[in-house]
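Step one of this worksheet: look at the structure below.
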Amino acid sequence: RRQDKAGVMGILEPVKSRFAAIVELEVDVNDWVHWAFQNNMPPELIAFIRYRPNLLHDFKPTSDIINTPNPRTVAYVGNMLNAGMPEGLEYELITGAAGEGFAAEFIGFLNTYKQLPNIPELLKNPDTSIVPSEPSMVFAVCGALAHNAKPDNIEAIFRYSERLPAEFQILLAKDIQRKNPAITSTLAFTKWASSHSNIIL
């Protein structure tokens with residue numbers, strides 16, 4: 001669009017009307033999460049976008065040489081995390097990739113992510129491990145569990161998830177499907193889906 005400052009000058013009306021359809025694409029968080037799992041985006045970034053979905057696309061066109069959050073720039077942040085950022089430069093690099101507001105919130109979320117319960121210990125004791133009350137921490141736990149889900153630990157994950165609010169159980173199950181579709185064939189997943197048959201996965 002011309003308002004996106006993309007160098008678009010418009011098109012002649014007689015030419016425009018010869019297109020069969022003019023379609024405007026919209027950003028969808030679930031589509032991006034599916035893409036992110038398939039493209040090795042870091043679990044902490046996926047969890048953050050789940051927590052703050054509006055920051056997947058907070059595009060503000062400007063002539064200044066700065067970036068704002070959109071699916072492409074958020075993916076740059078994921079690539080930087082995967083490559084490893086020099087200690088002490090995380091804020092500046094994330095700001096350069098996706099903007100200052102995104103960087104400030106994401107750095108705060110990363111600090112939360114570092115305080116997560118030990119996931120292997122959580123899976124050993126799914127019935128007694130701590131369930132966070134802070135929403136950002138619950139999103140972070142769900143992101144870590146989805147990332148670590150395997151056929152041999154899925155039963156423990158679902159036992160733990162039963163202690164989460166219903167909306168987080170659904171989110172976790174959907175993200176497990178996206179991360180590792182083979183898990184849907186396990187007995188544990190089938191049992192969970194059967195006992196939650198009122199939920200459309």
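Separating the OH atom in Tyr160 from the CG atom in Leu122 is a distance of 5.0 Å, to the nearest 0.5 Å. Here CG of Leu172 is found 4.0 Å from CD1 of Ile176. Values are rounded to the nearest 0.5 Å. Between Ile94 atom CD1 and Met80 atom CE the span is 8.0 Å, to the nearest 0.5 Å. Distance check, rounded to the nearest 0.5 Å: CD1 of Ile154 to OG of Ser161 gives 8.0 Å. A distance of 10.5 Å separates CD1 of Ile66 from OG1 of Thr95, quoted to the nearest 0.5 Å. Here the CZ atom belonging to Phe158 is positioned 10.5 Å from the CG atom belonging to Asn153, to the nearest 0.5 angstrom.
Residues passing the side-chain contact (heavy atoms from CB on, under 4.5 Å) test with Asn70 are His57, Phe59, Arg72, Thr73, sequence neighbours excluded. Among residues two or more places apart in sequence or in another chain, the salt bridge (charged side-chain N to carboxylate O under 4.0 Å, His left out) test is passed with Asp28 by none. Residues forming a side-chain contact (heavy atoms from CB on, under 4.5 Å) with Pro86 (at least two apart in sequence, or on another chain): Leu89, Leu93. Partners of Phe168 by ring-ring contact (aromatic ring centres under 6.0 Å, His included), not counting sequence neighbours, listed by chain and number: Phe139. Applying the side-chain contact (heavy atoms from CB on, under 4.5 Å) test to Pro151 and every residue at least two apart in sequence or in another chain returns Asn180, Ile183, Thr186. Not counting sequence neighbours, the partners of Pro43 by the side-chain contact (heavy atoms from CB on, under 4.5 Å) test are Tyr113, His147. Qualifying side chain to side chain donor-acceptor pair (under 3.5 Å) partners for Asn79, counting only residues two or more places apart in sequence or in other chains: none.
Considering all non-hydrogen atoms of both residues, Phe109 and Glu44 come closest at CE2-O, 3.4 Å. Between Val74 and Leu55 the shortest heavy-atom distance is CG2-O, 3.9 Å. When all heavy atoms of Gly143 and Ala47 are compared, the closest pair comes out as CA-CB, 4.1 Å.
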Using residues 30-37 as the side-chain source, report each donor-acceptor pair under 3.5 Å to any protein atom, sequence neighbours left out, with the distance given to one decimal.
from: Asn30; atom 1: OD1; to: Arg50; atom 2: NH1; distance (Å): 2.8
from: Asn30; atom 1: OD1; to: Arg50; atom 2: NH2; distance (Å): 3.4

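Phe102 and Ile107 fall within the same hydrophobic cluster, where Ile, Leu, Val, Met, Phe, Trp and Tyr residues are linked whenever their side-chain heavy atoms come under 4.5 Å apart, directly or through other members. If you chain together hydrophobic residues whose side chains sit under 4.5 Å apart, Tyr76 and Ile46 never meet in one group. Criterion: ILVMFWY side-chain heavy atoms under 4.5 Å apart, direct or through other members. Under it, Ile130 and Leu145 are not part of a common hydrophobic cluster.
Counting only residues at least two apart or in different chains, salt bridge (charged side-chain N to carboxylate O under 4.0 Å, His left out) contacts with residues 116-125 comprise Glu121-Lys124. Pairs engaging residues 92-119 under the salt bridge (charged side-chain N to carboxylate O under 4.0 Å, His left out) rule: Arg52-Glu105 [sequence neighbours left out]. Pairs of residues two or more places apart, or lying in two chains, never qualify as salt bridge (charged side-chain N to carboxylate O under 4.0 Å, His left out) while including a residue from residues 139-152. Within the structure, the side chain to side chain donor-acceptor pair (under 3.5 Å) test picks out the following pairs touching residues 125-136 (sequence neighbours left out): Asp127-Arg159.
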Test side chain to side chain contact (heavy atoms under 4.5 Å, CB included) on Phe48 and Val77 and set out the steps.
-> CA-CA 12 Å; Phe48 175 69; Val77 173; over 6 Å; no
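Atom CD of Glu90 sits in a crowded spot, with more than 12 heavy atoms from other residues, nucleotides or ligands closer than 6.0 Å.
Tyr51 is not listed as a side-chain neighbour of Val138, based on a closest heavy-atom distance of 4.5 Å or more. In this structure, the side chains of Ile157 and Pro126 stay at 4.5 Å or more apart for every pair of heavy atoms. The shortest side-chain heavy-atom distance between Lys191 and Ser195 does not fall under the 4.5 Å cut-off. Using a 4.5 Å cut-off on side-chain heavy atoms (C-beta onward), Asp175 and Cys142 make no contact.
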